Amino acid sequence: MEDISSLIKEAKPLYFARKRRNNMIKSVLATLVVVVGVGSFYPKGQQQVYDYYWNNDLYAISDSSVIEDMGLPTDEYGLLMVG
């Protein structure tokens with residue numbers, strides 16, 4: 001029968017190499033899960049929709065005055081003329 005200490009000396013580097021590899025695989029998978037989880041909360045197409053509406057609102061506001069569209073008297077800035 002072989003000596004137990006020689007078997008341990010032979011298996012020790014293999015054990016630690018396998019342990020290091022498994023820990024690396026676990027850390028990579030955990031990182032991927034976190035990145036995918038955070039990425040799922042990131043708004044994908046919402047910004048373009050908001051930009052579209054925001055730009056149209058600015059265009060509508062700069063094109064004419066809401067007060068003027070209501071038929072009320074306005075000054076050159078589109079503000080309500082008083083008195």
Side-chain angles (χ1 to χ4, degrees):
M1 203 161 214
E2 292 186 33
D3 190 27
I4 297 288
S5 61
S6 66
L7 289 174
I8 291 175
K9 284 180 185 178
E10 183 181 342
K12 186 175 180 180
L14 299 173
Y15 171 76
F16 284 119
R18 183 173 59 185
K19 187 174 180 180
R20 195 175 313 117
R21 185 187 71 230
N22 287 343
N23 285 341
M24 183 66 74
I25 291 171
K26 288 176 190 176
S27 64
V28 167
L29 288 176
T31 304
L32 286 175
V33 166
V34 168
V35 166
V36 168
V38 169
S40 68
F41 292 110
Y42 187 75
K44 292 167 186 58
Q46 297 295 326
Q47 187 63 34
Q48 295 171 352
V49 172
Y50 292 139
D51 285 343
Y52 175 75
Y53 287 125
W54 177 255
N55 290 336
N56 282 345
D57 289 343
L58 282 180
Y59 178 74
I61 291 171
S62 65
D63 197 25
S64 65
S65 171
V66 175
I67 298 170
E68 186 178 8
D69 291 342
M70 291 171 54
L72 298 172
T74 59
D75 59 2
E76 65 271 8
Y77 299 109
L79 300 173
L80 181 63
M81 192 180 294
V82 179

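FYI, side chains are in, hydrogens and waters are out, and symmetry mates aren't considered; it's all heavy atoms of this structure. The structure presented is a predicted model; accordingly, all values stated were derived computationally and were not measured.
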Spacing of CG belonging to D3 relative to CD1 belonging to I8, to within rounding of 0.5 Å: 9.0 Å
With ILVMFWY side chains joined below 4.5 Å, transitively, what does Y15's cluster contain besides itself? F16
V33, V38: one ILVMFWY side-chain cluster at the under-4.5 Å cut-off? no
From the options R21, K19, R20, select the one residue that forms a side chain to side chain contact (heavy atoms under 4.5 Å, CB included) with N23. K19
